[in-house]
Amino acid sequence: MGDPPPNITVAVPDGSTREVARGSTASDLAASIGKRLAADAVAAEVNGVLVDLGTALAEGDLVRIITGGVDEGRTVIRHSTSHVMAQAVLAVYPGARLAIGPAIEDGFYYDFELPESKRFSDEDLPAIEEKMRAIIAADQPFVREELSVDEGLALFADQPFKREIIAGVATAHGAADPDFAAEAAVGAAAVTTYRNTPEFVDLCRGPHVPTTGRLGHFRLTRVAGSYWHGDERLPQLQRIYGTAWESAPALADYLHRLEEAERRDHRRLGSELDLFHFPPEIGGGLPVFHPKGALVRQLMEDFSLRMHLAHGYEQVWTPHITKSTLYESSGHLSWYAASMYPPMEMEGATYYLKPMNCPMHILIYKDRGRSYRELPLRYFEFGTVYRFERSGVLHGLTRVRCITQDDAHIFCAPDQLAGELRSLLAFVLEVLRAFGLTEFEAELSTRPEKFVGEVAEWDQATEALRSALEAAEIPYVVAEGEGAFYAPKIDVHIRDAIGRRWQLSTLQVDFQLPNRFDLGFIGADNERHRPQMIHRALFGSVERFFAILLEHYAGALPTWLMPIQARVLPVRDANAPYAAAVTSRLAGAGFRVETDEAAEPLGARVRRGKLEKLPYILVVGDDDERDGSVGVNARGAEAVERGVTLEAFLARLSQEVATRGRPEDGAT
RNA sequence: GCCCCCUUAGCUCAGUCGGUAGAGCACAGCCAUGGUAAGGCUGUUGUCGUCGGUUCGAUUCCGACAGGGGGCUCCA
């Protein structure tokens, strides 16, 4: 046994190995690979675990240097920036208590309890930012320390929230919260802390950048109230949100994306394009649709209905209010009451606005005996439901109190379930693709701790859902235990044009309602059997889907959905009769076209049409009158096209509408 | 519901360190008939969100309320 060799060998992601001196850290390794890498490094991944750059390496480790330019690196930068903010807040408001300060998508936040019930306002942010810049300029180290639980409790004697995390104690619900525990690696024998200065130390599992000097491209964005553990019965905390990036251009890029999202905001587009608004006189979350908005809605619904009818669905219609007994039978009054409007008393009975259509569809099913020969039965309805959403969660058309669901309920024999789910998911994707949505991600939610029905039944249905996902070839993740108590489900999400994720469709198997309503059908064996039931919303809600389409397309909807598809602009009054003839020819062919008389200069009329995002502006002047042509100014086109024959344009428009395309796609 | 911010003409916003208001767009009229993103002139428009308080006087300061926005384990 001599001295150990002076060097150790570690593996790096490109498959090669490198030799470094025994006792070297990840940081040393980065430096040995390259100056640039060392400068950009913020953390390391050793054998798959994210660690500080200061971590000592061991023989045979697989080491990946994490730079600020990758997702894991940005997470480290954001988390470290949140510590800097906490230190700054403590400096500005001595006595503040720290709750948690995680990295989130695009940024970070930190929750505080301020002394004397003080609250943050926007005006506090510049002072905190200034202090943060001083901390960053001081290039303070992040020093990791490991403590026992008792040492941790002593160190954070003045920080009750930190103590609660350390103790891993129960929340008000009486259950330990694994997320909070993970925050400080509680559960291991020790907790870890990161110290920046003799005064400032924070409980944290890390990792962090080596020194605050690595940070600096950040901005504090807003203040908000929050609750400890997100529970409004627990103390209210003061939250500050910020964003942080690896470089100034990355930060600028993010701020630009925010502006882009602002530009696409469906509420803004709704009023700019004269589609809908929310009159305060009617109440929060209750939109009115103007002529153009109602037209777009109708086009969406018409298309959807046609597709459903072509795929074996039957349209049904049900009332908006019902006696309470129906929702007692369904069980909604016991588990959904918080989202229902208060009851109305009429003629000795109690009525409710309907929050869900399913019980009514069930009554249609139950109206007479059913044979296996009829199954599957697929009922479809644009059913308007009313749900009491708390005022604070309302948001434009995406969160309203009166919701038109494109709701379907499928009743099938148990041996039909898998096939139904498979064709149903394929149908859902087909319809969404027709609206130009192409990037899908799904989530499969499985049996929760509390559930109704049989385990075997759940397993079978969950497998059927999984096989539908496999057949549809879309990426999905499994959310273990996230299903509702009565059903496993698939949620389909889409990515929009700027990469945002929206939840749209839900496919849900139901183990509860067929039993509660004692549904049956007579099988080939002349015995009575229980049908299986699938709930399905495709758009989710017409209102929300409308909002998502508007944001996805930034208001420039595909031509088939535009309220006005083309507008004809005579160059001067003398061209008005020809313009009228062009308009009438196009309108006669079934398109939505109008004329804009020469009461204003051409440029002004073109501009107005562009702001309205019209697919086509057709300018007609003397040349066109002579040649039977139009000047075509297509949305998104770089140049106008002169002298296009009217018939050629008509063919192009027909083709584009038939294929549900957009002028931007160059469909001709 | 709770925390922060906002509320001035139809829209976007300025303004008054307390003496009851202004711009652009829109709208109306007239002129201009212009080949592809704002032609000119003239004119109209406001209980300065509501109610209360302080004040000789409040759109401005204070309070309450209403409406809107952001947030309340980034999770849908």
Side-chain angles (χ1 to χ4, degrees), chain A residues 99-109 111-112 114 117-125 171 177-180 182-183 221-241 262 265 267-268 271-272 274 277-285 338 388-396 398-399 443 445 479 482 489 491-493 500-504 506 540 544 569-576 597-612 614 617-624 630-635 637 639-643:
Chain A
I100 61 168
I104 58 174
E105 190 178 334
D106 295 334
F108 61 90
Y109 67 80
D111 283 343
F112 305 91
L114 297 181
S117 300
K118 183 175 160 26
R119 288 155 195 146
F120 288 126
S121 92
D122 293 341
E123 281 104 58
D124 298 322
L125 297 183
T171 65
D177 188 325
D179 289 345
F180 276 69
E183 175 85 5
T221 49
R222 54 189 183 266
V223 301
S226 66
Y227 296 94
W228 179 232
H229 293 268
D231 185 333
E232 56 198 69
R233 292 166 300 185
L234 297 177
Q236 177 147 31
L237 306 172
Q238 293 292 308
R239 174 173 298 182
I240 299 178
Y241 281 94
E262 166 83 5
D265 190 311
R267 294 163 303 179
R268 165 194 290 252
S271 67
E272 281 176 1
D274 196 16
H277 83 289
F278 291 85
E281 295 87 339
I282 296 180
F388 176 71
E389 301 276 1
R390 296 187 305 169
S391 59
V393 307
L394 298 175
H395 180 86
T398 63
R399 203 71 176 261
E443 196 164 286
S445 298
E482 293 293 308
K489 62 169 179 175
D491 289 314
V492 178
H493 303 237
R500 292 173 304 176
R501 188 176 161 128
W502 303 85
Q503 197 218 315
L504 285 178
T506 302
R544 179 177 156 84
L569 276 46
V571 171
R572 55 192 179 88
D573 279 344
N575 307 120
E597 305 292 348
E600 290 163 89
L602 185 63
R605 288 178 284 151
V606 168
R607 176 182 151 82
R608 189 165 54 237
K610 289 292 178 189
L611 292 177
E612 289 176 53
L614 299 178
I617 296 167
L618 304 178
V619 174
V620 294
D622 295 343
D623 298 350
D624 299 295
V630 294
V632 178
N633 187 334
R635 192 178 67 195
V640 301
E641 303 158 59
R642 293 283 299 271

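Every heavy atom of this structure was used, including side-chain atoms; hydrogens, water molecules and symmetry mates were not. The sequence lines fix the lettering, A, B, ..., with proteins before strands; numbering per chain opens at 1.
Side-chain nitrogen and oxygen atoms of A/Y241 include none within less than 4.0 Å of the OP1 or OP2 phosphate oxygen of B/rC4. Remark: A/Y109 is in phosphate contact with B/rC74, judged by side-chain N or O atoms under 4.0 Å from OP1 or OP2. Between A/R239 and B/rC74 there is no side-chain polar atom (N or O) within less than 4.0 angstrom of OP1 or OP2. Phosphate contact (OP1/OP2 of B/rG70, side-chain N/O of A/H395, threshold under 4.0 Å): present. Between A/R608 and B/rA37, a side-chain N or O to OP1/OP2 separation shorter than 4.0 Å is absent.
Within the nucleic acid shown, A/N575 has no heavy atom closer than 4.0 Å to any nucleic acid atom. Contacts of A/Y227 with the nucleic acid, taken as non-hydrogen atoms under 4.0 Å apart, include base atoms.
Side-chain proximity of A/S226 to B/rC72, B/rA76, B/rU33: nearest is B/rC72.
Between the A/R267 side chain and the A/H395 main chain, no donor and acceptor come within less than 3.5 Å of each other. Counting only distance, with no hydrogens or angles, the side chain of A/R572 and the backbone of A/A598 share no donor-acceptor pair below 3.5 Å. Side-chain atoms of A/R544 come within 3.5 Å of backbone atoms of A/Q503 as a donor-acceptor pair (strictly under, hydrogens ignored).
As rounded to the nearest Å, B/rC5 and B/rG10 have C1' atoms that lie 25 Å from one another. A distance of about 15 Å separates the P atoms of B/rG19 and B/rC62, rounded to the whole Å.
Atom CG in A/D111 sits roughly 15 Å away from atom P in B/rC3 (whole-Å rounding).
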